[in-house]
Q: 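Encoded as structure tokens, here's the structure I'll be asking about.
All chains are named by letter (A, B, ...) in the order of the sequence lines, taking the proteins before the strands, and each is independently numbered beginning at 1. Not measured: the values here are computed from a predicted model.
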Protein chains: 2
Amino acid sequence: MAQVTLKEIADILGISVTTVSKALKDYKDVSEETKKKVRELAKELDYQPNAMALSLRNQESRTIGLIIPEIAHHFFANIINGIILEAEKHGYLVIILQSNESFDLETKQIDLLLNKRVDGILMSLSNETDSLDAIRKIISNGTPLVLFDKISKMVNCSKVIIDDQKAAYEATEHLIKSGCKKIAHFRGPLNPQGSIDRFLGYKRALEDHKITYDPSLVYICNRISSQEGFDYAQQVLKDHPDVDGIFCITDLVAAGAMSYFNKNGIFVPDQISIIGFSNWPISSLLTPSLSTVDQPGTRMGKEALGILVEEINAKKKKEPIEYHLIQLPTKLIARNSSKKS
Amino acid sequence: MAQVTLKEIADILGISVTTVSKALKDYKDVSEETKKKVRELAKELDYQPNAMALSLRNQESRTIGLIIPEIAHHFFANIINGIILEAEKHGYLVIILQSNESFDLETKQIDLLLNKRVDGILMSLSNETDSLDAIRKIISNGTPLVLFDKISKMVNCSKVIIDDQKAAYEATEHLIKSGCKKIAHFRGPLNPQGSIDRFLGYKRALEDHKITYDPSLVYICNRISSQEGFDYAQQVLKDHPDVDGIFCITDLVAAGAMSYFNKNGIFVPDQISIIGFSNWPISSLLTPSLSTVDQPGTRMGKEALGILVEEINAKKKKEPIEYHLIQLPTKLIARNSSKKS
DNA sequence: CTGAAAGCGCTTACAG
DNA sequence: CTGAAAGCGCTTACAG
């Protein structure tokens, strides 16, 4: 059977829709007796307010939109987890869209969400994103927006990120302190801020420890794949036979590199130390176990959603909105892949 | 600025809302001249129909709901990927909820989606789900429902699954053919159908190859974690020093087991062969690379969504709905962890 | 204490 | 060819 409406309850009870509505919302100007009758019947018929009607009437959809480059990705999956968890607490539902690192898709998806009249949007940018017009449209349209992880500094809104530069600095410093003298970096693409910041952290750590930065030790992983890690492992040995440490943009790349070394009798960490980034669940199970940097994905999701809800509420009350920039702490996890004996 | 409405366009042009609406929908009873004027202004003002109003008017939300036990899980993440991809093609948005393997949460989430008046629901059951009342409510409510992966045979609706029994049979047979004589099974919890079916496939493969089934070789991983794999690896060696093969419910469990063996100088595959399940992205990078069974996650998501949309359309046209049971093929992936020399 | 009316933004059967 | 009216299911200011 279809869902019950206020009108049906009103008809059965022989009263008006208005009174039913008010009774259910516990208005003080309805008699206790009427309230009781209404409540009982509503319960019996399992009345549930129609969300479509509520949205239109209240001008809020109680839904927020999320655009993310990739769902099947450990870190993002954790962020989604945090967002959904927190959204449920605040009574929001989450529509998820995947940009697949495509700028065109991302642009279309912004329109989809805007048309859907979501109450707010959470976004992590694709690597391809070069124009910010679509994103600025969200803001000029009056829809609260919070950027997380893959952000652009050029957009004026709240942001939740990790301190990539500091995290990368610590990872690189960890290799240095464990005895590495010549450290390569398998970095991410040139465009995304996070990839730039990790590179800068790497570079700064070298300089602070009086190791000359050598651009030929930096390899670009455009797809951030294990295959690239595998291939560059071979390449870096050819280019620099005396390399003794690698800082990889991601655990996946690090795992690919390690797999090459394992297959070719090069001992990790004795000959080459490796550290990754992200702390994938399986990283501790690699042989040797992979050192890495833990990123608080779930927490990032929760924080981003929390700020978004704040801004939605401020907008409703027509209060001014203050933008936040939150940097979440990361944690270095030293395992066996960087333990020089 | 807020979004433009039909009324605003009508006012500017000095015509009625009705005509604007019809012009935009290219009704034949509107003059070309009017249509042109309306279209141009609509474009200029970037008019986008209000989805809330459309939903209420058309009695469809163009939104479907998805309830899944866990998002941060490789296989499920791929399924979500497939669902979202396909949904976008059909013009549907997807609201995702995570049951976290909790029956209570799952029940609440069903209500949330029903209240939201989603056009259809996609679900994979939690391990805890023992009562099917909430799920049957979806059906009696008239909302199309498709179950995938973790299903219950007791619910009368369409289902998309893999043939777990066959896949497990093949995995076990692969170990037998590679020379294993005494094969343990690190199985999943007792309740979920998939876990039962994989166990049955294991058992049947043994019997078909004249290996006596020994219940003491079966260990239950209630949380399906790598830690359980690690612990049971130690345990099985103690209980059965001559065990020479393990079929694990999941790659994660297998990785845990392999990590124990690697740490304790037990050679995989020479002493013990291991095969997992699911083909996690990192499984090929383990040392030795992990044999496994590939499950078509993305395809499963696409199929499930395709069927759901069919049923939504059939319902709209008041056509009878025919339930499908789709079994997707899996693929055995033999790698080094099961290669006896 | 109760309810008729207006309105959220659309669509469409109907009248002119 | 155009537009007034009704209606999707609610809420709330207002009248009685």
Q: Looking at Lys43(B) and Glu40(B), is any side-chain nitrogen of the basic one under 4.0 Å from a carboxylate oxygen of the acidic one?
A: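 Salt bridge absent between Glu40(B) and Lys43(B).
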Q: Within residues 34-46 of chain A, find the residues that approach DNA chain C with a heavy atom at under 4.0 Å, and present them sorted by residue number.
A: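 Those residues whose heavy atoms fall under 4.0 Å from DNA chain C, taken from residues 34-46 of chain A in numerical order, are Thr34(A).
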Q: Could you tell me the separation between the CG atom of Asp26(B) and the P atom of dC1(D), rounded to a whole number of Å?
A: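 Between P of dC1(D) and CG of Asp26(B): 12 Å.
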Q: Could you state the interatomic distance from CD (Gln327(A)) to CD (Glu303(A)), rounded to the nearest 0.5 Å?
A: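 Those atoms lie 12.5 Å apart.
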Q: Which pair of non-hydrogen atoms, one from Asp119(B) and one from Arg62(B), has the smallest distance, and what is that distance?
A: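 Nearest heavy atoms, Asp119(B) then Arg62(B): OD2-N, 2.6 Å.
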Q: Using 4.0 Å as the upper bound for N to carboxylate O, is an ion pair formed by Glu60(A) and Lys316(A)?
A: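 Result for this pair is yes, salt bridge flagged.
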Q: Are any of Thr19(B)'s side-chain N or O atoms less than 4.0 Å away from OP1 or OP2 of dG3(D)?
A: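 Yes, within the criterion.
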Q: Determine, for nucleotides 8-16 of chain D in 5'-to-3' order, which nucleotides have protein heavy atoms under 4.0 Å from the base (write B), from only the sugar-phosphate (write S), or from neither (write -).
A: BBBBB----
Q: If I compare all heavy atoms of Leu105(B) with all of Gln98(B), which pair ends up nearest, and what's the gap?
A: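 Result for this residue pair: CD1-O, 4.1 Å.
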Q: Over 60° means perpendicular and under 30° means parallel, so tell me whether Phe76(B) and His73(B) are parallel, tilted or perpendicular.
A: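 Tilted.
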Q: Rounded to the nearest 0.5 Å, what separation is found between the CG atom of Asp11(A) and the CG atom of Leu6(A)?
A: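 One gets 11.0 Å once the value is rounded to the nearest 0.5 Å.
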Q: Would you mind reading off the distance between Ile15(B) atom CD1 and dA4(D) atom P, rounded to a whole angstrom?
A: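 These atoms are roughly 11 Å apart.
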Q: Could you grab the distance from atom NZ of Lys150(A) to atom OG1 of Thr129(A), nearest 0.5 Å is fine?
A: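 Answer rounded to 0.5 Å: 8.0 Å.
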Q: Please round to the nearest 0.5 Å and tell me the distance separating atom CE of Met300(B) and atom OG of Ser124(B).
A: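 Separation between the atoms: 8.0 Å.
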Q: How does DNA chain D look in dot-bracket form if you count Watson-Crick and G-U pairs under 3.5 Å, write [ ] for pairs that cross, and put | where a base pairs with another strand?
A: |||.||||||||.|||
Q: I need the minimum non-hydrogen distance between His324(A) and Glu310(A), along with the two atoms involved.
A: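 Distance-wise, the nearest heavy atoms are NE2-OE1, 3.5 Å.
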